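Following: one structure in structure tokens, then a few remarks.
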Number of protein chains: 2
Amino acid sequence: MQPDAYDPACPTRLVLDRIADKWAVLVLGLLAGRPTRFNAIRRAVPGLSQKVLAETLRRLERDGLLTRTAFATVPVTVEYALTPLGETLAETVDALRVWAETHIGAVQSAQRAYDSRLVEGAA
Amino acid sequence: MQPDAYDPACPTRLVLDRIADKWAVLVLGLLAGRPTRFNAIRRAVPGLSQKVLAETLRRLERDGLLTRTAFATVPVTVEYALTPLGETLAETVDALRVWAETHIGAVQSAQRAYDSRLVEGAA
DNA sequence: GATAGCTGGTTTCCGTCGGAAACCGGAACA
DNA sequence: TGTTCCGGTTTCCGACGGAAACCAGCTATC
């Protein structure tokens, strides 16, 4: 059986659901190439709550995309680093971030045009 | 000012939030290269409800990623097609789907390993 | 003539999920 | 003694997503 992300019974769909997530995309992009500690990630991604970050990291760890390493320092520091598998995904999801940053102008002008058309229609 | 998806005040973040969405990824991948009607999309993406599909399509239309064309047939048919901008995004998000289908095996074995480690720890 | 079915939605309802904030223990520091 | 830092967990509430019903207009079937 070949994977088919369009088949809800296929595990590929579950994986896609998880990596097509705004927080996962940002975290993966951030960890690419440089291991980072919990609070450092949190500071680098404003708006991401501790709870959701902890859950996101645990899911990514379960999927074999990153490793969690605790150091017996005081206080305990925990470092998250991408696995080789995670690095391959990071490249892919980073393309999404690059697309957003590249085409943001076109998207915003499309939004303005759409909204002004709505106002016309309502008038 | 350069776009920065990690800045919550930057509109790039809003765009990224939207395209890093599981349903948007599947819909964009489906529409790539071939205009499709509303119910055809719904049938091709099981699990996607009418409400969420309608909302997703309207947001993508607002972002200038696809066009909505109504034909005066009986009953009225509505066709959704990617814009050139949407096509460039479709290529990018399709890489996500391809990644998922390619590495699903590695992810699943990582999950099994993670879960069995948990069971050990609990015992 | 009534019923079912197609089209593309909108509305209603409810469960789940995400975000905000409080709380945790332990140690250094003032 | 109180504060800060670490990495979380817990609690609470509002918002969002999914399931299903409902809608109008026309057609094909019985």
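Source: prediction; values computed, not measured. Each chain gets a letter, A, B and so on, in the order its sequence line appears, and its residues count up from 1.
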Please confirm whether the shortest side-chain N or O distance from [X] to OP1 or OP2 of [N] is below 4.0 Å.
{"X": "A/Arg58", "N": "D/dT9", "result": "yes"}
{"X": "A/Trp23", "N": "C/dG18", "result": "no"}
{"X": "A/Arg68", "N": "D/dG8", "result": "yes"}
{"X": "A/Lys51", "N": "D/dG7", "result": "no"}
{"X": "B/Arg43", "N": "C/dT7", "result": "yes"}

Look at all strands and tell whether [X] reaches a base, only sugar-phosphate, or nothing, counting heavy atoms closer than 4.0 Å.
{"X": "B/Phe71", "result": "nothing"}
{"X": "B/Arg59", "result": "nothing"}
{"X": "B/Arg42", "result": "nothing"}

Could you state the atom-to-atom distance from [atom1] of [X] to [atom2] of [N] in whole Å?
{"X": "B/Leu26", "N": "D/dG17", "atom1": "CG", "atom2": "P", "value": "15 Å"}
{"X": "B/Lys22", "N": "C/dT16", "atom1": "NZ", "atom2": "C1'", "value": "12 Å"}
{"X": "A/Leu57", "N": "C/dG18", "atom1": "CG", "atom2": "P", "value": "14 Å"}
{"X": "B/Leu48", "N": "D/dG17", "atom1": "CG", "atom2": "C1'", "value": "11 Å"}
{"X": "A/Tyr80", "N": "D/dG7", "atom1": "OH", "atom2": "P", "value": "8 Å"}
{"X": "B/Leu53", "N": "C/dG8", "atom1": "CG", "atom2": "P", "value": "10 Å"}
{"X": "B/Arg18", "N": "D/dG17", "atom1": "CZ", "atom2": "P", "value": "11 Å"}

Worked check of side-chain contact (heavy atoms from CB on, under 4.5 Å) between A/Val107 and A/Gln111
CA-CA 6 Å; A/Val107 169; A/Gln111 290 177 347; 3.7 Å; yes

Checking contacts here: which listed nucleotide ([options]) is nearest the side-chain heavy atoms of [X]?
{"X": "B/Val52", "options": "C/dG9, C/dA22, D/dG17", "answer": "D/dG17"}
{"X": "B/Val74", "options": "D/dC26, D/dC6, C/dC6", "answer": "D/dC26"}
{"X": "A/Phe38", "options": "D/dG8, D/dG17, D/dC6", "answer": "D/dG8"}
{"X": "A/Asn39", "options": "C/dG26, D/dG7, D/dG18", "answer": "D/dG7"}

Please give me the minimum heavy-atom distance between B/Phe38 and B/Leu57, naming the atom from each residue.
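The answer is CD1-CD1, 3.8 Å.
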
Does a side-chain N-to-carboxylate-O contact under 4.0 Å join A/Arg112 and A/Asp115?
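Salt bridge between A/Arg112 and A/Asp115, a charged N being under 4.0 Å from a carboxylate O: no.
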
Just wondering, do B/Tyr114 and A/Asp63 contact through their side chains at under 4.5 Å, heavy atoms?
no

May I ask you to test the A/Tyr6-A/Leu16 pair for a side-chain heavy-atom distance under 4.5 Å?
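They are not in side-chain contact.
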
On DNA chain D, nearest-nucleotide positions of B/Glu55 versus B/Gln50: which is more 5'?
B/Glu55

